[in-house]
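Below, chain A is the first sequence line, B the second, and so on; all start at residue 1. What you see is a predicted model; the values in this text were computed from it and never measured.
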Amino acid sequence: MVTNEERLTMSDKVVTRFAPSPTGYLHVGGARTALFNWLLARRAGGKFILRIEDTDQKRNTPTAAKQVMDDLKWLGINWDEGPEAGGPNGPYLQSQRKDIYDKYIQKLLDEKKAYYCFDTAEELDALRQKAEAQKKNLNYPRPEKFPDEADAQKARDEGRPVTVRFAVPQDDPIVVRDVVRGEITFAAGEIGDFIILKSDGFPTYNFACVVDDYLMEITHIIRGQEHLNNTPGQQSLWQALGFGEPPNYAHMSVTISDTGGKLSKRERPAALRKAVREMQDIDLDKLAEVASLSREELDVFLDGERTPDMPVIDKLAEFLKVPLPEINIVDFFKSGYLPETMVNFLALLGWNPGDDREIMKIDELIEAFDISRLTKSNSLFDRQKLLAFNTEHIKMAPTEKLLGHFKDYLKVIDSPMIAADDELLSRIIKLCEGARTLAQIEQKSRFLFLDDDKIEYDDKAVKKVLLKGNGLENLALVRDRLAAMSELSEQTIEDMLRGLAEEKQVGLGKVAQPLRVALCGTTVSLPIFDSVQLLTKDRTLTRIDQTIKIVEGKATAGGI
RNA sequence: GGCCCCAUCGUCUAGGCAGGUCUAGGACACCGGGUUUUCAACCCGGCAACAGGGGUUCGAAUCCCCUUGGGGCUACCA
């Protein structure tokens, strides 16, 4: 039996890569792919390369590459070669490697292993439909005689699109050796000739990726199962180009959404659409204004025809207070998850260390990582389990580290708590022991940083705690006792509240909860004794008075 | 439709390649109880799975075949 250790030292230096197309933020699936490649490289003491696959002129957004890199950095996934880092195999943006690809395209053309095509989109469509009628996939009819350079020039002059197709060898079956799935055989003739150079002069993914993997000396490619069907074609190209042994492929399972199907970034707009449809009396004009969309653009989106950019979706959701499922890595950041949580959780989606360990630090993950333990079957992204993981990681994290994460979080959500100093934030964090997300810590304590007149009273809380039973009366009593106190500490506040509860023959909750609602407007906050002490006596009294006034007013007006 | 992949508790999974030690282990969720100034956290207990059918074998969750189910791909996207 070959151990993981032996396998790693037996092989040459391991080189892996993550090759995202910069179409938006890094999403969970991409992060997982990046992570596995990174873990393998780190485990083996090899190299991890970041390569940006931006050969599609239509889909790239200018900021996307930076967004992806920011998200990788947040996760702690660093790259040895790539944009920003540099390296001997650059450039690392495929759009800047055109001359390299041209050279290899020309080589295939010269060797009659590829040929020019001049079909229009309509002509291809017709071919595809014909194939469909015969219940087959389109297998492009290769011409008997390949067009030559003169033909290509003529087509260009006539304004016809000029592409290049790879002539896939049709005589033998193609066997792909996959680390997680074993040997997969594609029958001879199954893989049709595919386009390697687009009419805009850029190579297709299937071509660029083969050339770059070769030139960058990639030894292991871990990617999603959705690429499995590309592999025979790529492997075939690898051979035609004379690149020798292809790299080790490992096709991971796909991450499935709890709504069914592959986890996709389309889910956020879809969730928003659904929520808007289910809502009544929304002012659509106002809504459009909030997102700085025209009313028409909004309608188009709501009809499901087109989707605006993510920041617009976020704005709409925020305005409507609709929680959207987190899909992109930044979404999780903004929801108060720790990067350690994401790395740990993602690593366990389709991989496990082989023992009962689940909560693991990054170092442990690296130490335990073994590519042969990748799982074959698809897995569902379980948000509840993710929450449990986050709870554990918050619990585990040293205060200083947590403080750092918390400050990052406050910044990204633009919280009024940014104003607080480290000492105060540390105390707050300690008071929130057991919190599941950084968001919960913020929500429990932000009332301390709001102006007294900016407190929003939650209707349900007011009804349940102040209007039912003796809530208001108890609050008034608390006010009097508090006003009479000279020294305020958690202990004296506790003594006062407990004493009062005992006198009234009620549980502590009956006096503590009305006070809590008066301070922060909701039933959830930091422990009450600390809350009062931190807010100070004067401001506590102010808020109590304000609350009594507002609630009594509402009650007599029959508003509640 | 064609091609490809997959199949253990509700979910993530261990076990499978080297068949017996599996009356199938862990975690999350769920249910019941405890603790409690809120939300959490925490403690104790419980429920819960080898998709179905055929083989092979003394013996199958484990090997083979079929069925069913799920997923992926099927672009001048990656």
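- Within the shown strands, nothing qualifies as a pairing partner of U38(B) under the Watson-Crick or G-U definition with both distances less than 3.5 Å.
- Remark: the Gln225(A) side chain and the G71(B) base include a donor-acceptor N/O pair separated by less than 3.5 Å.
- Applying the salt bridge (Lys or Arg N to Asp or Glu O under 4.0 Å) test to pairs two or more places apart or on separate chains, those with a residue in residues 116-126 of chain A are Glu123(A)-Arg160(A), Asp125(A)-Arg128(A).
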Review point. Just by protein heavy atoms under 4.0 Å, how would nucleotides 6-15 of chain B read 5' to 3' in B, S and -?
Key: SS---SBSSS

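- The interatomic distance linking Leu124(A) (CG) with C77(B) (P) rounds to 11 Å, in whole Å.
- Residue pairs meeting the salt bridge (Lys or Arg N to Asp or Glu O under 4.0 Å) criterion with at least one member in residues 491-500 of chain A, sequence neighbours excluded: Glu494(A)-Arg498(A).
- Across all strands shown, the partner of C30(B) is G46(B), judged by Watson-Crick or G-U wobble contacts whose two distances both fall under 3.5 Å.
- Under the Watson-Crick or G-U wobble criterion, with both distances below 3.5 Å, G16(B) has no partner in any strand shown.
- Using a 4.0 Å heavy-atom distance criterion, Thr55(A) is classed as a sugar-phosphate-only contact.
- Across all strands shown, A61(B) remains unpaired; no Watson-Crick or G-U wobble contact has both distances below 3.5 Å.
- Within 4.0 Å (heavy atoms only), Asp119(A) reaches at least one base atom of the nucleic acid.
- Of the side-chain N and O atoms in Arg128(A), one or more sit less than 4.0 angstrom from OP1 or OP2 of A75(B).
- At A78(B), one or more side-chain N or O atoms of Lys198(A) fall inside 4.0 Å of OP1 or OP2 (strictly under the cut-off).
- Note on residues 20-33 of chain A: no pairs pass salt bridge (Lys or Arg N to Asp or Glu O under 4.0 Å), not counting sequence neighbours.
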Check your understanding: How does protein contact run along nucleotides 32-50 of chain B, one letter per nucleotide 5' to 3', with B for base contact, S for sugar-phosphate only, - for none, heavy atoms under 4.0 Å?
Key -> -----BBBBSS--------

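- Residue-level contact check: His251(A) touches neither bases nor backbone, having no heavy atom under 4.0 Å from any strand.
- Applying the salt bridge (Lys or Arg N to Asp or Glu O under 4.0 Å) test to every pair with at least one member in residues 514-532 of chain A, sequence neighbours left out, gives these pairs: Arg427(A)-Asp530(A).
- Among residues two or more places apart in sequence or in another chain, the salt bridge (charged side-chain N to carboxylate O under 4.0 Å, His left out) test is passed with Glu502(A) by none.
- Each of C76(B), C4(B), G72(B) was ranked by its minimum atom distance to the side chain of Pro161(A); first place goes to C76(B).
- Residues satisfying the salt bridge (charged side-chain N to carboxylate O under 4.0 Å, His left out) test with Asp56(A), not counting sequence neighbours, are Arg59(A).
- Distance Asn230(A) CG to A75(B) C1': 11 Å, rounded to the nearest Å.
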Side-chain donor-acceptor pairs of residues 197-204 of chain A under 3.5 Å, sequence neighbours excluded:
| from | atom 1 | to | atom 2 | distance (Å) |
| --- | --- | --- | --- | --- |
| Lys198(A) | NZ | Thr55(A) | O | 3.1 |
| Asp200(A) | OD1 | Phe202(A) | N | 2.9 |
| Thr204(A) | OG1 | Ile195(A) | O | 2.9 |

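- Residue Ser199(A) places a side-chain atom within donor-acceptor reach of the base of C76(B), judged by atom type and a 3.5 Å distance cut-off alone.
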